[in-house]
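Step one of this worksheet: look at the structure below.
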Amino acid sequence: MNERNEMTLTFSARSENEAFARVAVAAFVSQLDPTLDELNDLKTAISEAVTNAIIHGYDGNPAGMVTIEGAIEGDVVRLIVKDKGRGIEDVDLARQPLYTSKPEMERSGMGFTIMENFMDGFDVSSEPGQGTAIAMTKRIESKKALFN
């Protein structure tokens with residue numbers, strides 16, 4: 001399967017949609033027959049990215065919209081989670097483990113670190129007042145290949 005397959009999903013910035021995003025991405029990636037660990041890594045990274053968009057990008061305002069763009073090319077999954085929220089003033093600071101802009105919410109400050117560790121490629125681009133895009137890639141070692 002070397003043809004590119006793409007999907008775009010847009011939904012309200014509501015916390016209950018985080019689970020929907022996990023399931024939708026898992027369903028999209030399932031065509032590559034990922035291992036359970038790979039699937040869990042993808043679902044965790046998507047959860048973190050969507051939660052960041054909802055809590056930090058939109059301050060919990062459900063009127064905002066979160067978009068996930070997904071593409072599969074060969075054995076590589078590319079995912080971009082975007083919001084048009086408040087953006088990040090200092091991306092380097094935000095990427096530091098344990099940093100959180102919402103300490104009053106008892107946030108762990110580990111979202112970016114988790115995404116980076118669970119994925120093969122990770123990048124954050126943001127513009128204050130314009131929103132944030134989190135781009136992630138993961139190579140899927142098909143279970144089919146493991147048994148051949």
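Numbering of residues begins at 1 and proceeds along the displayed sequence.
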Indicate the atoms forming the closest heavy-atom contact of [X] with [Y], along with that distance.
{"X": "A21", "Y": "F11", "value": "CB-CZ, 3.8 Å"}
{"X": "G74", "Y": "L32", "value": "O-CD2, 3.4 Å"}
{"X": "E73", "Y": "R4", "value": "OE1-NH1, 2.9 Å"}
{"X": "E141", "Y": "T35", "value": "O-CG2, 4.0 Å"}
{"X": "N5", "Y": "F28", "value": "O-CZ, 3.5 Å"}
{"X": "N17", "Y": "S12", "value": "ND2-O, 3.0 Å"}

**Request:** Apply the test salt bridge (Lys or Arg N to Asp or Glu O under 4.0 Å) to residues R139 and D75: give CA-CA distance (whole Å), side-chain angles for both, the deciding distance (0.1 Å), then the verdict.
**Result:** CA-CA 6 Å; R139 182 173 304 280; D75 61 355; 2.6 Å; yes
Taking [Y] as the starting point, is it possible to reach [X] by hopping between hydrophobic residues whose side chains are less than 4.5 Å apart?
{"X": "L9", "Y": "V29", "value": "yes"}
{"X": "V25", "Y": "L39", "value": "no"}
{"X": "L79", "Y": "F20", "value": "yes"}

Which distance, rounded to the nearest 0.5 Å, do you find between the [atom1] of [X] and the [atom2] of [Y]?
{"X": "K138", "Y": "L42", "atom1": "NZ", "atom2": "CG", "value": "6.0 Å"}
{"X": "I55", "Y": "E18", "atom1": "CD1", "atom2": "CD", "value": "9.5 Å"}
{"X": "N52", "Y": "I114", "atom1": "CG", "atom2": "CD1", "value": "9.5 Å"}
{"X": "E127", "Y": "E89", "atom1": "CD", "atom2": "CD", "value": "10.0 Å"}
{"X": "T67", "Y": "M65", "atom1": "OG1", "atom2": "CE", "value": "7.0 Å"}
{"X": "S126", "Y": "R86", "atom1": "OG", "atom2": "CZ", "value": "10.5 Å"}

**Prompt:** Is there a donor-acceptor contact under 3.5 Å linking the side chains of T137 and R78?
**Reply:** no
**Item:** Modelled atom types, side-chain donor and acceptor of E69 and T8, under 3.5 Å
**Value:** no
**Request:** Have a look at P34 and tell me which of V77, I140, N40 forms a side-chain contact (heavy atoms from CB on, under 4.5 Å) with it.
**Result:** I140
**Asked** Of D41, D123, I46, which is the lone residue that meets side-chain contact (heavy atoms from CB on, under 4.5 Å) with M136?
**Response** I46
**Prompt:** Step by step, would you call I80 with I68 a side chain to side chain contact (heavy atoms under 4.5 Å, CB included)?
**Reply:** CA-CA 6 Å; I80 301 173; I68 299 174; over 6 Å; no
**Message:** Strictly distance-based, threshold 3.5 Å: is any side-chain N or O of Y58 a donor or acceptor partner for the main-chain N or O of A63?
**Reply:** no
**Request:** Mark yes when over 12 heavy atoms from residues, nucleotides or ligands other than E6 sit less than 6.0 Å from its CD; otherwise mark no.
**Result:** yes
How about [X] and [Y]: do any of their side-chain heavy atoms sit closer than 4.5 Å?
{"X": "V50", "Y": "V81", "value": "yes"}
{"X": "E48", "Y": "T51", "value": "no"}
{"X": "F122", "Y": "I134", "value": "yes"}

